[in-house]
Amino acid sequence: MKYQVPRGTQDYFGVEIEKIDYIFNVFKEIVSLYNFKKIKTPVFEDASLFTRSIGEGSEIVTKQMYTFKDRAGRLLALRPEGTAPVVRAVIADNLLKNLPLKLYYIGEMFRYERPQKDRRREFLQMGAEIFGGKEAVFDVELVEISSKIFKKLGIQYTLKINYIGCINCRTDYTQNLKRHLKKKLKLLCEDCRQRFEKNVLRVFDCKNPQCQKVFSDFPTITQNLCEDCRQNFEKIKSLLDAKKIKYEVAEKLVRGLDYYNGFVFEFFTSGIRDAIGAGGRYDSLVEELGGRPTPACGFAIGVERILPVVKFEKKREGFLIAGIGISEEKLEELADFLRENFKKAFVFRKKKISDALKFASDENFLYAIIIGEDELKEGVYSVKNLYTGEQKKLKKEEILKL
Ligand SMILES: [Zn+2]
Ligand SMILES: [Zn+2]
């Protein structure tokens with residue numbers, strides 16, 4: 001029997017995994033500029049952590065979560081997203097002492113979805129969270145960081161932002177929305193009828209044109225903000241303007257998870273339907289999960305989503321060494337010398353020089369060193385730059401300076 005990779009997952013290797021590492025490095029480099037520190041949480045958690053935080057009515061919890069019982073009968077879930085585990089960790093590990101606390105994570109997430117080109121059952125996400133910052137600058141910082149990451153990766157993006165209110169204005173608004181939709185429930189799709197029960201704001205997430213018609217004439221939450229929320233949204237927009245970050249206010253943008261409030265945002269790029277990055281504020285989640293009340297906000301970027309659009313050129317580096325009539329010992333001696341000086345070195349063992357040069361080029365070596373007996377006698381090596389074609393005769397020590 002020949003095993004296949006499980007449906008909705010994939011193996012990464014070759015240039016693709018190097019591209020992923022490159023994306024991780026860009027992410028780390030930029031979040032570190034803002035004093036974010038790394039956190040790593042387990043791949044699985046108590047399943048109820050997600051039902052409580054993401055919301056029982058959300059599609060993630062009802063349809064997409066990988067849950068299982070372990071041998072002791074505990075109900076566990078493979079994490080479908082990264083924020084709830086980080087919140088669980090900062091409470092459990094008592095990290096909320098020096099605020100604001102800024103953390104970032106990189107890791108696999110799992111959702112049982114119908115696999116598509118850019119939707120996988122196991123996928124990589126990188127995210128960052130800020131705890132203990134309630135001012136608009138923190139919301140803006142997240143947007144700024146994301147946009148810098150996309151820019152550095154060569155991705156053209158559009159940014160959509162919205163403000164979905166605080167407990168006060170949201171409660172008033174959702175009551176009105178429910179009253180409005182109650183009369184039209186029959187016109188809504190099954191999902192929206194469930195959203196109506198569990199978290200009515202989420203109907204705006206529905207892509208069904210008939211549903212959209214039902215609430216298209218209904219005023220959005222953004223038009224019904226309380227004075228505090230309205231002012232805060234204005235402040236965020238003015239800060240974004242000052243930083244010259246372009247955005248579009250999308251009043252239907254509500255985000256699919258229950259825990260969001262206040263400012264929310266999503267990044268898009270052409271050719272990819274789903275958001276490539278998204279985030280927002282979740283001021284009550286820490287308290288909801290048993291910590292002391294702590295305002296918080298965060299964002300995450302889907303690595304597989306951006307993979308096809310990231311500009312990445314594999315770096316040529318290292319030395320391929322080949323010899324004509326040269327002993328293994330001599331070839332190894334040069335290779336070891338280079339490695340001891342932290343240069344990548346590889347001895348090509350077949351005889352034909354043309355094979356050696358082809359291998360070096362396929363494997364992205366920057367230099368080829370072809371050794372003949374003359375070279376050995378003179379103690380100089382002919383080093384060919386495979387990128388420029390330039391060839392030089394160099395002593396061992398001079399090779400290190402390349
Ligand atoms: Zn409000
Ligand atoms: Zn619907």
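Read the numbers this way: they start at 1 and go in the same order the structure lists the ligands and their atoms.
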Problem set entry | Angle subtended at the Zn ion (ligand 2) by SG of C206 and SG of C189, nearest 10° | 110°
For this session: Please collect all side-chain hydrogen bond (donor to acceptor under 3.5 Å, both in side chains) contacts where either partner lies in residues 98-108, sequence neighbours excluded, each pair once.
Result: K102-E141
Exercise. Are K252 and Q212 side-chain neighbours, meaning at least one heavy-atom pair lies under 4.5 Å?
Worked result: no
Exercise. For E122 and Y66, what are the C-alpha separation, side-chain angles and deciding distance, and is it a side chain to side chain donor-acceptor pair (under 3.5 Å)?
Worked result: CA-CA 10 Å; E122 183 194 54; Y66 277 94; over 6 Å; no
Exercise. Just wondering, more than 12 heavy atoms not from K393 lying within 6.0 Å of its NZ?
Worked result: yes
Problem set entry | Pairing residues for E81 by the side chain to side chain donor-acceptor pair (under 3.5 Å) criterion, not counting sequence neighbours | Y259
For this session: Enumerate the protein N/O/S atoms at a distance below 2.8 Å from the Zn ion (ligand 1), ignoring waters.
Result: C166 SG, C169 SG, C226 SG, C229 SG
Seminar exercise, completed: The complete set of ring pair (Phe, Tyr, Trp, His ring centres under 6.0 Å) pairs with one or both residues in residues 187-208, sequence neighbours excluded, reads F204-F215
